[in-house]
Amino acid sequence: METLLDATYRTEDEKALIQLFYLSDTHLEDKKLKEVRNFEPYFYAVPRGSAQEFLEEIKAAKFPQITRLEIVKRIELRREIEVIRIVVKHPSHVAEIRERVAELKKCEETREDDIRFVQRYIIDADLTPMNGADNKKLRIASFDIETINERDKIIPIIISYADNLGLRKAWNYKHERHDLKFVEKCPDEKAMINKFIETVKNQKIDLIVTYNGDNYDFPVLKDRCKELGIDFTLGAEGIEIKMERRGMDMGARVIGRPHIDIYPVCRRMFSLPRYTLEDVHLALFDEEKLDIEVEHMHKWWDAGENVDTILSYAIADADSCLAIALEVLPTEYELSQLIHQPIFEVSRMGTGNAIEWLLMKMAHDKNILVPQKPGDTEYATRRMESYEGAYVVEPEKGIHDNIFVFDFRSLYPSIIIAHNIDPSTINCDCCEKEWHISPTGIKFCKKKKGLIPELLEDILNSRVKAKLELKKLVAEGGDKTKIKMLDARQQALKILANSAYGYMGFSRARWYNNDCASSVAAWGREYIKNTIKSAQDEGFRVVYGDTDSLMMAIPEKLTDVQINQIKNDFLTKINKKLPPAMQLEFEGFYTRGVFVTKKRYALISPDKKLTVKGLEIRRRDWAEIAKRTQEQVLNTILWEKNPQKAAEIVKEVVNDLRAGKVPLKDLLIYTQITKPLGEYENTGPHVEAAKKAIKRGKMVKPGDVIQYVITKKGSSISDKAEMIGFVNENDYDAEYYINNQVLPAVMRILEALGYQEEELKGFGRQMTLGGF
DNA sequence: CCGATT
DNA sequence: AACGGCTAATCGG
């Protein structure tokens, strides 16, 4: 099995030469290179009227870039039509002449003219990148740089490196450390960077991984290489690292030896309040990673203080990055195979794009014409079209015991399959009066499957298969790498299945269709409402429900046998009324739960696990001190049913805050800057904090997450907000943190338990238990 | 105090 | 550069 790592093309004799980089299984050679010369760039043009006449018109225009014209049959909204396939000499010619062709009289529109050449080739040649890839076969190296600022320049002082062959290095050019084996002192910065480049090549690395290398490590190194006269070639010989624009961001492309930045991968794969390397490491391995105050690095490094700590921190970054990569990469290998695109692109792709590539591949295989991406006007129109979304039940506020949670497995994907929801199946003429009619009145064909339902069926079937294999392999105690790959596959398939609905409602989607998206949501509301109704008709008390789930509480004490009985009876009753593609499942049984508002609740399971949704604990725009206190109160209430003790906890926190004992890191609030600062009509604390920081020389741009503290000086809250780095310990406004952070978070829980606001106010001011 | 903004 | 629903804090008239 050959594993395609990367693909690119270069121009030779004015023609494209495609270069495919394959893994060398034995690693006797670095990579196997295959070259393809005979793939020609092309696009389509749809005739207005006769195809033959249109062909003549194009011919007559005598575009020098065109080498061949042919009339071919393609499918458009289930109908076969004749279109012109326009073959050009060089990939750049597509963009050059598509508009000129579109301007011709007999041209309706051009199609598939915005698909990049190499990606087009991979689809047409039916290649499967990363086929058979796993962590064992691939050589994976991570690196990270530590830097200091010197006269407006960012200078790397350490490059740390770790690979899955066991090599670990921290190169620098200042300090020798014979007792730290991984440390190596180079003569100067140039030698250090060269050492790194050499090592990657000598180790015959297949994948380079970084944490935010796209936006930091690579740009910095590239700059330094330019200044120091170093040939920054890490991959294929003679090809320098390219910074590719990807929307707003950059991607650092190492041709032939793909660079995967795992920061965007982690952002997509995990739901965390923050995504620093330390946060992700903690979330994944439940272990703290060595961290230091980067601000002191320069001083320490120059003075020769804490050098061991700095070097250990540097290597810990590389180690951690590699460890995280080994966890997340398998899903990327699988996604790369599933959507038939190189891992470089896939790892930086949103789910909407991933689904789109999959659809494009399927469309090509079925001779279906790919819809165009919307232009600016079309996009603006789509943005205006809105539709009603999911149904959320107002919860029965307060504490409930014995909670049964049910949910629909893949609700939206199964609705799409069950009702054949696809842009091409709307208002078909083959199903007169026999359509699937959505609650919003849209008619979908019952006879011929649409592309998206078919894709989803494939995805769900593959997932069932992967999960079965996985179960079998785990039971047999099979190979760990294989188990990981199967798990990664089912994970990747789940991601894809769940994004199809959002994709149809995504304004930039090729297969966008508002009627489809709104019908899916409408059917979703109908199914969950009907299920809730059935539960109530059975005499159950539905305490909450959201989109695809419902929770019912049974106050009486229940044995395990009874729990099982209730669950099975209910599932059987509901499921026999549902279409075959749809199924209600038992998500779990919970001992107790507290419900605050829609989307905000906490549950404890019989095995003592706490599940919290929507409450402050889960949000980064609340200070750690408020979140931690809320969690402690929740635990005390749910497990011990002891509000007195909860009050004691709060009292202690308030005292600590007033005594100035709480460290700044527990008081930080994180809020993202979403647009240029001048565009804010309403300048919240984060905006004001950012503005002040800019005046003192800090850089802030849209997308940055501002970390700020509310200090003592100033009148409004915004006045008092300062970015971390401009605040001293102890300089915080204790009353703000008490009244605007800790107490609201805690009171939300207590109020839900029925304590009146008046009682709580007294509780807030005096911190006594009088009210209870 | 309340709607708008985030 | 997936969707909409929803809560809550803060600003600012």
Side-chain angles (χ1 to χ4, degrees), chain A residues 245-249 264 267-268 348-359 373-374 379 382-383 385-395 397 411-413 415-416 452 495-514 516-522 524-525 528 544-548 595-601 613-616 618-623 626 669-675 677 679-690 702-703 705-706 708 710 715-721 736 739-741 743-745 747-748 751-752:
Chain A
R245 271 205 62 168
R246 315 192 63 76
M248 293 258 291
D249 297 319
R267 286 202 67 140
R268 264 182 286 121
R348 288 164 179 80
M349 226 177 243
T351 46
N353 257 312
I355 273 283
E356 187 150 284
W357 281 107
L358 203 42
L359 286 167
K373 273 193 186 157
Y379 175 65
R382 291 179 179 186
R383 288 293 300 260
E385 302 172 339
S386 175
Y387 61 89
E388 193 183 336
Y391 173 66
V392 188
V393 182
E394 189 64 47
K397 291 187 177 128
L411 176 71
Y412 289 154
I415 288 174
I416 294 170
I452 295 173
I495 293 170
L496 291 172
N498 286 339
S499 40
Y501 155 68
Y503 175 79
M504 291 195 284
F506 170 39
S507 311
R508 287 251 140 95
R510 292 175 192 266
W511 276 271
Y512 167 87
N513 192 296
N514 190 274
C516 290
S518 66
S519 295
V520 177
R525 290 193 299 272
I528 194 67
Y544 187 55
D546 182 352
T547 313
D548 58 356
F595 293 85
V596 178
T597 55
K598 284 179 177 178
K599 309 245 184 215
R600 309 183 130 215
Y601 59 88
K613 295 284 169 177
L615 290 165
E616 282 72 7
R618 297 280 169 252
R619 306 180 53 109
R620 71 177 174 192
D621 52 357
W622 283 78
I669 300 164
Y670 296 78
T671 314
Q672 192 185 34
I673 294 288
T674 55
K675 54 187 176 186
L677 292 178
E679 286 177 23
Y680 278 91
E681 282 180 48
N682 213 330
T683 53
H686 66 304
V687 179
E688 290 298 334
V705 175
I706 304 297
Y708 66 93
I710 302 302
S715 47
S716 72
I717 294 170
S718 290
D719 282 342
K720 295 181 180 180
Y736 169 82
N739 295 318
N740 299 41
Q741 292 275 325
L743 290 181
M747 284 184 186
R748 220 145 1 247
E751 263 181 62

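Just the heavy atoms: all of them, side chains too, but no hydrogens, waters or symmetry mates, feed the values below. Chain letters run A, B, ... following the sequence lines, proteins first and then strands; every chain starts at 1. As the structure is a prediction and not an experimental result, all values here were calculated from the model.
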Give the rounded distance in Å between these two atoms: [atom1] of [X] and [atom2] of [N].
X      : N     : atom1 : atom2 : value
A/R267 : C/dA2 : CZ    : P     : 12 Å
A/D548 : C/dG5 : CG    : C1'   : 13 Å
A/N353 : C/dA2 : CG    : C1'   : 10 Å
A/R348 : C/dA1 : CZ    : C1'   : 16 Å
A/K675 : B/dT5 : NZ    : P     : 9 Å
A/W511 : C/dA2 : CH2   : P     : 17 Å
A/R525 : C/dG5 : CZ    : C1'   : 11 Å
A/Y708 : B/dT6 : OH    : P     : 14 Å

Determine the contact category for A/Y680: base if any of its heavy atoms lies under 4.0 Å from a base atom, sugar-phosphate if only primed atoms, P, OP1 or OP2 are that close, otherwise nothing. sugar-phosphate

Touch class at under 4.0 angstrom, heavy-atom based, for A/G502 against every strand present: base

SB check A/K599 A/D546 (cutoff 4.0 Å): yes

May I ask you to say whether A/K720 pairs ionically with A/E688, meaning some side-chain N is under 4.0 Å from a carboxylate O? no

Determine whether A/T674 and A/Y680 satisfy the following criterion, side chain to side chain donor-acceptor pair (under 3.5 Å), listing intermediate values before the conclusion. CA-CA 9 Å; A/T674 55; A/Y680 278 91; 3.2 Å; yes

Nearest heavy-atom approach of A/V520 to A/I415 is O-CD1, 3.8 Å

Looking only at heavy atoms, what is the nearest atom pair of A/R382 and A/A509, with distance? NH1-O, 2.8 Å

Within the 4.0 Å limit for protein heavy atoms, which parts of nucleotides 6-13 of chain C are touched? Write it as a string from 5' to 3', B for base, S for sugar-phosphate only, - for none. SSSSSBS-

Quick one: list whatever passes ring-ring contact (aromatic ring centres under 6.0 Å, His included) with A/Y601, sequence neighbours left out. A/Y544, A/F595

